[in-house]
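Notes follow once the structure below has been shown.
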Amino acid sequence: MAKLIPQGGGVVEWPIHLRLGTNRVGRGAHNDVSIDHATVSAVHCELILGGESLVVRDLGSTNGTFLDGQQVKQAEIHSGQALRIGSVDFVVEVSEVQVFVPKVEEVAPPKLVSPSGFKVCLHHDDRSAAWQCTRCQNLYCTPCIHRIRRSAGKVLYLCPDCSGVCEVLPEFVKQDKRTWFGFIKDKLDVTKLITKRITRRIDPK
C-alpha cells in the first residue's frame, strides 16, 4: 500500500492512494492520478508500486520531478520522503502489503465402502464396485465401465475417468463349477488309465 499525502493545501486536498502496478501522473484527466496545476505536465511521471517498493520515473516533464529536493529521472521512494511533482508537494507513505493465506484443512477422501462392508462405485455410492482401474486404481460398478470390441473380437474394459484398462475384482471372478457329469467323466478317465497300465503289466503283449 502507498499513498501521497499533500503538503501546503490548495491544489490537492485529500491523500492519493496508489494501486499496485503503474500509476501515471499528470495534468490530463486521462491519467491514473490527475493533478490540475499549471506546473504539472500533461503526462508528468509514473509511480510504479510493487509488493514492497515504490519507484518514481519522470516522463520528460517541463518542471521536473523532485525527491527530497533533488531532481530525479528515476529513483526508488521510501516511506517519509518528500516528493515534488512540478510545484506540488507530497509526503510519501509506503507500507508492506500483507497477504493472508487462509489455512486449508486437509479433508480425507470418502471411504468407498458401504455400511455392509462391500466396496462401492466411485460415482455411485449405492452400487457395489465390481471393477478396478489398473491405472488410477479407482473402483467402478459395471454400468460405469466403457467397452470397446477389437477387430479380433477381444473386448477391452476401460476406465470412465482415465481410460485405463479395468479388471474385475477378485470377489467377482466367476469360478468354473464342476458338474456331476464332469466329475463322473474325470473318474472314468482315471479308471481307464489305471486299468490300461495294469493290463500292460500282466500281459506285456
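From a predicted model like this one, the values you see are computed outputs, not experimental measurements.
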| request: Please confirm whether the backbone N or O of Ile145 pairs with a side-chain atom of Arg147, one donor and one acceptor, at under 3.5 Å? | output: yes
| said: Quick one, Gln132 and Cys166 - any side-chain contact, counting heavy atoms below 4.5 Å? | reply: no
| request: Starting at OG of Ser128, measure out to CG of Leu169 and round the result to the nearest 0.5 Å. | output: 10.0 Å
| request: Give a yes or no on whether Val91 and Val12 share a hydrophobic cluster (residues Ile, Leu, Val, Met, Phe, Trp, Tyr; joining criterion: side-chain heavy atoms under 4.5 Å apart). | output: no
| query | Same hydrophobic cluster for Ile48 and Leu18, using side-chain heavy-atom links shorter than 4.5 Å among ILVMFWY? | reply | no
| Which heavy atom of Cys136 sits nearest a heavy atom of Cys133, and at what distance? | N-SG, 3.4 Å
| query | Can you tell me how far the CD1 atom of Ile77 sits from the CG atom of Leu47, to the nearest 0.5 Å? | reply | 5.5 Å
| field | Nearest-0.5 Å distance that lies between atom CG in Leu156 and atom OG in Ser163 | value | 11.5 Å
| query | Rounded to the nearest 0.5 Å, how far does CD1 of Ile16 lie from CD1 of Ile85? | reply | 7.0 Å
| Any donor-acceptor N/O pair, Asn31 side chain to Ala42 backbone, under 3.5 Å | yes
| request: Mind checking side-chain hydrogen bond (donor to acceptor under 3.5 Å, both in side chains) for Arg27 and listing every partner two or more places apart, or none if nothing turns up? | output: none
| remark: Contacts satisfying salt bridge (charged side-chain N to carboxylate O under 4.0 Å, His left out) that involve residues 40-51 (not counting sequence neighbours) are Arg24-Glu46, Glu46-Arg57
| task | Verify the cluster assignment for Phe90 and Ile5: are they in a single hydrophobic cluster under the rule of side-chain heavy atoms below 4.5 Å apart? | result | no
| request: Please name the pair of heavy atoms, one in Cys144 and one in Cys121, separated by the smallest distance, quoted to 0.1 Å. | output: SG-SG, 3.7 Å
| What pairs meet the side-chain hydrogen bond (donor to acceptor under 3.5 Å, both in side chains) rule with one or both residues in residues 4-19, with sequence neighbours excluded? | Arg19-Asp32
| query | With the 4.5 Å side-chain cut-off for hydrophobic clustering, are Phe66 and Val72 part of the same group? | reply | no
| task | Please check if Val33 and Val43 belong to a single hydrophobic cluster, counting links between Ile, Leu, Val, Met, Phe, Trp and Tyr side chain heavy atoms closer than 4.5 Å. | result | no
| task | Considering non-hydrogen atoms only, spot the tightest contact between Ala2 and Leu49 and give its length. | result | CB-CD1, 3.8 Å
| So how far is it from Ile35 CD1 to Ser87 OG, rounded to the nearest 0.5 Å? | 11.5 Å
| field | Results of ring-ring contact (aromatic ring centres under 6.0 Å, His included) for His124 - residues two or more places apart only | value | none
| field | Nearest-0.5 Å distance, NE2 of residue His123 to CG of residue Leu139 | value | 11.0 Å
| message | Within the structure provided, determine whether Tyr140 and Pro160 are in side-chain contact (heavy-atom separation under 4.5 Å). | response | yes
| note | residues 58-71 vs side-chain hydrogen bond (donor to acceptor under 3.5 Å, both in side chains), sequence neighbours excluded, gives His44-Ser61, His44-Thr65, Asp58-Ser61, Asp58-Thr65, Asp68-Gln81
| Looking at residues at least two apart in the chain, or sitting in another chain, which of them share a side-chain hydrogen bond (donor to acceptor under 3.5 Å, both in side chains) with Thr22? | none
